Amino acid sequence: MTDWESRVAATIRSLRRNALTGGSLALLILALAPPTAGSHGFTGPLAWWLLFAFCLIPLAFSVHLLFDAALFRLAASHDDEAAGLAAIDDVLARMGLRERGGASASLVERQAGCRRLLWLQRASLAIGVALYLVLLIDGLEGAAAP
C-alpha cells in the first residue's frame, strides 16, 4: 500500500467513524429527549425547537461527512493522487457542486476542509447535548414539584 493509499484510507475510516458516531448520538438525543425531559418547568417550546435544530445540524454534517468519505473512496480507487483528486473534481462538476476547470485542491486542503466539518459537527452536537441536559434537569425538577 502506497503512502497515497494509506493516507486516503485513514481519512475514509476517520470520516465514516465520526459521521456514524455523531449521527448516532444526535439520533439518540432526539429519541431520548421527549420521554426523559418533561415539557413542564421554565423551558418552553423555544428550547425544544433549539434542541431539535441542534440535533438535525449534526445529522446534516454526518451525511456530508459520509459523502466526503465516498468521494475519498473514489479517489482511492485511482493509482495516484492527481488522478484521484481529478476524479473527485469531475464528480463534483457533474453534480453541479463545483465549476469545471477550477483550481483543484490538494489532498491536504481537502482533509483540512473535512476537519472543519468535523469541528462544526462536534460543536453543534455539544450544544445539543447541553440543551438536552438543561431540559432533563428542568424536567426532573418539574416532576418533583407537586
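Predicted, not measured: the structure shown is a model, and the values here were computed from it.
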Show, in sequence, the C-alpha distance, side-chain angles and deciding distance for Asp89 and Arg110, and conclude whether the salt bridge (Lys or Arg N to Asp or Glu O under 4.0 Å) test is met. CA-CA 11 Å; Asp89 290 336; Arg110 293 171 196 260; 2.8 Å; yes

Using atom types as modelled and distance alone, determine if a side-chain donor or acceptor of Ser6 lies under 3.5 Å from a backbone N or O of Asp3. yes

What's the shortest heavy-atom distance between Leu59 and Ala26, and which atoms? CG-CB, 4.0 Å

Only residue of Asn18, Leu120, Leu66 satisfying side chain to side chain contact (heavy atoms under 4.5 Å, CB included) with Phe61 is Leu120

If I take atom CD1 from residue Ile88 and atom CZ from residue Arg98, how far apart are they, to the nearest 0.5 angstrom? 8.5 Å

Pairwise side-chain contact, Phe72 with Arg13, heavy-atom cut-off 4.5 Å (strictly under): no

Would Trp4 and Leu107 count as a side chain to side chain contact (heavy atoms under 4.5 Å, CB included) here? Give the steps. CA-CA 9 Å; Trp4 151 252; Leu107 179 63; 3.8 Å; yes

How far does CG of Leu15 sit from NE2 of His64, to the nearest 0.5 angstrom? 10.5 Å

Which distance, rounded to the nearest 0.5 Å, do you find between the CD1 of Ile12 and the CZ of Arg73? 6.0 Å

For Arg16, does the CZ atom have more than 12 heavy-atom neighbours from other residues, nucleotides or ligands under 6.0 Å away? no

Does the pair Asp90/Arg100 count as a salt bridge with the N-to-O cut at 4.0 Å? yes

Is it true that the side chains of Thr21 and Arg122 contain a donor and an acceptor less than 3.5 Å apart? no

Can you check side chain to side chain contact (heavy atoms under 4.5 Å, CB included) on Leu71 and Leu92, steps first, answer last? CA-CA 9 Å; Leu71 289 176; Leu92 292 174; 3.9 Å; yes

